[in-house]
Amino acid sequence: MNREFGSRRKGEGEMNREFGSRRKEEGDVNRDLGSRRKAEGDMNRDLGSRRKAEGDMNRDMGSRIKGEGDMMKRKKEKAKAIYEGWMVRYGRRKIGKSYLHMRYFVLEPRLLAYYKRKPQDNMVPLKTLVIDANCRVEDRGLKTHHGHMVYVLCVYNKKDKYHQLTMAAFNIQEALMWKEKIELVIDQQHDSLSASGNKALASCESGVDSGKNAFSSDQESVNSLEDEDEGNRGLARRMTRGNGPSDSIVDWIHEPDLGHSNQNIIQQVFSRKHWRLIRCQNGLRIFEELLEVDYLPRSFSRAMKAVGVVDATCEAIFELVMSMDGTRFEWDCTFQYGSLVEEVDGHTAILYHRLQLDWFPIRFVWPRDLCYVRYWRRNDDGSYVVLLQSREHANCDRQPGFVRAQIESGGFKISPLKSRNGRSRSQVQHLMQIDLKGWGVGYIPSFQQHCLLRMLSSVAGLREFFSQTDQIHTVPRIPVMVNMTRSSSSKKDQKSQEINVHPGPSLDPILAGSRQSILLDEDSDDDDDYQIPEAIPEAYAIKTENDVKQIVLDEEPLDQIDLSCFSGNLCRDDHDNSRDCWSIPDGKNIKVRSKNFLQDKSKIPAGKHLMELAAVDWLKDTKRMDNVARRVGCVAQVASEKGLFSLIINLQIPGSTNYSMVFYFVMKQLVPESLLQRFVDGDDEFRNSRFKLIPSVPKGSWIVRQSIGSSPCLLGKAVDCTYIRRPKYLEIDVDIGSSTVANGVLGLVLGVVTSLVVDMAFLIQANTSEELPEQLIGAVRVSHLELSSAMISGLDNSPDDSIH
């Protein structure tokens, strides 16, 4: 039994050994399988990492493709616009008064639209007009709005003239560019219509409309589109002539038809154009007309003309010739005063004009004045014609102390010439046939000729006006014309009106000050046109000085900043002869970089200011005054309480007594992404490279004018500037004493400061095409400053407001 039990035990041991061997083999297999699974896990992790990297690459590629798509979309949208830019919206309110708004116009292949701001994303336009082959561009000439003159275009569909867009520009070149672009789109629509086989339909529709009294100032024939000759259509569109001159105006440019037998003596005089050169004077050729008539009345004077070459464009010369404000004193030595009597239409106006003849030092010859009709047109070759002839008018009675002269015929012809050395050239002809009336004409023959030659010498004045500058002559805004009225109801009224005829100093600042609030009311939503017949004169535009003031006050926009709550210790006074005060200078005398500055270095008159000058402080202290905005109750703190943003410019003047002149500019809020906003929130390096001052000395000694100059200056690079940024204001402390040169000029100026009138314009320099044209932050004129009027700053008692 034991042996049998031992055998069993032995068998069990072998079985256990065999089972152990199997277990061992299974363990080896499991270990091998674990190693394989570990390797597979490593491979999976490596594959996951690779797939993650591929996913990142795909996402990056997707972002790039999306960015390229957005860029292509933006380029496509940008390419969709044929022409775009800021223009003036000209229209009328329900009460009949005109208004001007700045709007952004966009011309697309089939659409003309305008926006309140430059369009972004899917901005909805304020108004649109579909451009098709039936559209026309009507030139409405020059229109007057509170003395400001703009060149007006009207785009309409000849099938529905009441559906139209009226736009305007401050210079003729800009208006003509828009006119050319819109007419190009109209021609493309016409060609597209013809190519699609709709010529017959278009001809039918146009034939029906041709019976209606449709007209454009280009005198285009509104016939069928099929019958319009391509060359003639383009030729006519380059001409602007309005309704044409009155039959009574002698057009000395064109010869009359000699077949008519009922011509008067004046037409006979101009029937044969033969001129004789009588002298060369001041670089001009002076001609006298040879008259081939059998009989010439005693009162009839000979015509004379001056011919000269001016280095400027026809448009620049034309707008200077049309001016009747202070700029005319710079080139016309016979001009004393001029004003608008009545605006007949965009091409015809009646003007009052006083002559400064200065024939004899002793005034025993009465001064002369004129009342005449002025008509102008633009010819197909780019030349301009201005015709003048005397006209009686109920609102322009004969003035006491003046002899009313008679212009029998006269005017200008301005023709383009080939440029020389890259400079534009124009030929200017000035013709004048005038009867000066009075006893001096009959008894002193030299009086008439002397006065006539002085009037013709204005061509030499034009030439010198444009030649004495190295700047390329850009087209300025058409200058202001002050309206005049005369009441014929009674002698008493006439006497009172005689006072208003003279240009007073109180009216110009009002018009200049209202230019920002009335002329360019960008935020107004009043964009509807109310159709008023063009033949009806703008009677409301002929008003006395008090009426003009009332208009200015009545039409102030509702959202204008109320500046009456701000005050500084230096008072404001807009009169010319005021002392120890400040005022707002005329922006047209300040030149800033134009939109095309990067290409041609051209500059334009400054337009609307970005901010309004609320007050000026004239302070003094024993030490330099920094961070003046922390003064209790100063303008910056008052503006901050009202939710306004302020820019404080602190000009620090060192010396035994330290002075500071502080200017407070305010606005409602910063425009996001604008150049001003980037300047305010930028770093000091960016601010120093952009903060610019344009100085000028309208009144002062020659040496002071030469020392200060009128060239723009980057203040941050010339002197030390400290910038103090707060949520509602930015203060710029300008340490003039930090520059040796500036300190030397300052020492010269302080000695004669009471005799100076100094203009200062502040702006942010624009360096890229997106930032151009430049726009002023604001400007100030300081007149005859008194050092003794400075007030102690009191900064020691103000809470400390350290820079953070």
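Residues: numbered from 1 along the sequence shown.
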Shortest non-hydrogen separation from R454 to C333 and the atoms involved: NH2-O, 3.3 Å
Using modelled atom types and a 3.5 Å cut-off, is there a donor and acceptor pairing between side-chain atoms of R378 and backbone atoms of V385? no
Do any N or O atoms from the side chain of Q399 and from the backbone of D397 form a donor-acceptor pair under 3.5 angstrom? yes
Are the side chains of M760 and V782 in touch, meaning some heavy atoms are under 4.5 Å apart? yes
Less than 4.5 Å apart, side chain to side chain, heavy atoms only: is that true for I604 and V592? yes
Any ion pair linking E392 and R398 (charged N to carboxylate O, less than 4.0 Å)? yes
Does the side chain of V403 reach to within under 4.5 Å of the side chain of P367, using non-hydrogen atoms? no
Would T754 and L785 count as a side chain to side chain contact (heavy atoms under 4.5 Å, CB included) here? Give the steps. CA-CA 5 Å; T754 56; L785 189 65; over 6 Å; no
Would you mind reporting whether M432 and L456 have side-chain heavy atoms less than 4.5 Å apart? yes
Run Y375 and V344 through side chain to side chain contact (heavy atoms under 4.5 Å, CB included) and show every step you take. CA-CA 10 Å; Y375 163 80; V344 180; over 6 Å; no
In terms of the angle between their ring planes, are F412 and W331 parallel, tilted or perpendicular, with boundaries placed at 30° and 60°? perpendicular
Nearest heavy-atom approach of L776 to A761 is CD2-CB, 4.0 Å
K418 backbone acceptor or donor facing R425 side chain under 3.5 Å: yes
If you round to the nearest 0.5 Å, how far is CD1 of I350 from CG of L340? 9.0 Å
Less than 4.5 Å apart, any side-chain heavy atom of V386 and any of R374? yes
Answer yes or no on whether K601 is positioned over the face of F597, meaning its NZ or CZ is under 6.0 Å from the six-membered ring centre and within 45° of the axis. yes
Hey, could you give me the OG1/CH2 distance between T348 and W376, rounded to the nearest 0.5 Å? 10.0 Å
Would the distance check show the side chain of H575 and the main-chain N or O of N577 forming a donor-acceptor pair, the cut-off being under 3.5 Å? no
Would you say the side chain of L388 lies within less than 4.5 Å of the side chain of L351, judging by non-hydrogen atoms? no
Taking all non-hydrogen atoms of both residues into account, name the closest pair between P695 and S711 and its distance. CD-O, 3.3 Å
Using the side chain to side chain donor-acceptor pair (under 3.5 Å) rule, take S578 and S783 through it: C-alpha gap first, then chi angles, then the decisive distance, then the call. CA-CA 7 Å; S578 300; S783 302; over 6 Å; no
Test item: R781 side-chain N/O and D759 main-chain N/O as donor-acceptor pair under 3.5 Å: no
Geometric cation-pi criterion, R276 with F287: 6.0 Å, 45°: no
Evaluate the side-chain proximity of Q775 to K608: yes if any heavy-atom separation is below 4.5 Å, no if none is. yes
Taking atom types as modelled, is there a side-chain donor on S602 or D600 under 3.5 Å from an acceptor on the other? yes
Judged by atom type as modelled, is there a donor-acceptor pair below 3.5 Å linking the side chain of D381 to the main-chain atoms of S383? yes
For the atom pair CD (Q281) and OG (S457), what is the distance rounded to the nearest 0.5 Å? 7.5 Å
Between atom CG of D332 and atom NE2 of H430, what is the distance when rounded to the nearest 0.5 Å? 7.0 Å
If we ignore hydrogens and angles and just use 3.5 Å, is the side chain of R140 paired with the main-chain N or O of A168 as donor and acceptor? no
What are the two closest non-hydrogen atoms of L277 and I286, and how far apart are they? CD1-O, 3.4 Å
Donor-acceptor check, side chain of R328 to backbone of V321, threshold 3.5 angstrom: yes or no? yes
Output, in order, the C-alpha distance, side-chain angles, deciding distance and verdict of side chain to side chain contact (heavy atoms under 4.5 Å, CB included) for V152 and L142. CA-CA 6 Å; V152 181; L142 297 172; over 6 Å; no
Is there a donor-acceptor pair under 3.5 Å between the side chain of E319 and the backbone N or O of I172? yes
Spatial distance of atom CD (Q433) from atom NZ (K305) [nearest 0.5 Å]: 13.0 Å
Under 3.5 Å, side chain of H784 to main-chain N/O of D580, donor-acceptor pair present? no
Could you go step by step and tell me if V150 and L100 meet the side chain to side chain contact (heavy atoms under 4.5 Å, CB included) rule? CA-CA 9 Å; V150 291; L100 298 180; 4.1 Å; yes
Do the charged groups of D311 and R463 touch, with an N to O distance under 4.0 Å? no
For residues D435 and E408, determine if any side-chain heavy atom of one lies less than 4.5 Å from a side-chain heavy atom of the other. yes
Taking the six-membered ring for Trp, are the ring centroids of H353 and F335 within less than 6.0 Å of each other? yes
Can you see which heavy atom on S415 is nearest to which on K413, and at what distance? OG-CE, 3.5 Å
Is a side-chain donor-acceptor pair under 3.5 Å present for Y372 with R391? no
Indicate the atoms forming the closest heavy-atom contact of D573 with S583, along with that distance. O-CB, 3.6 Å
Run the side chain to side chain donor-acceptor pair (under 3.5 Å) check on D369 and Y337 step by step: do they pass? CA-CA 9 Å; D369 64 355; Y337 169 67; over 6 Å; no
Within this structure, what is the CD-OG distance for the pair E315 and S424, rounded to the nearest 0.5 Å? 9.0 Å
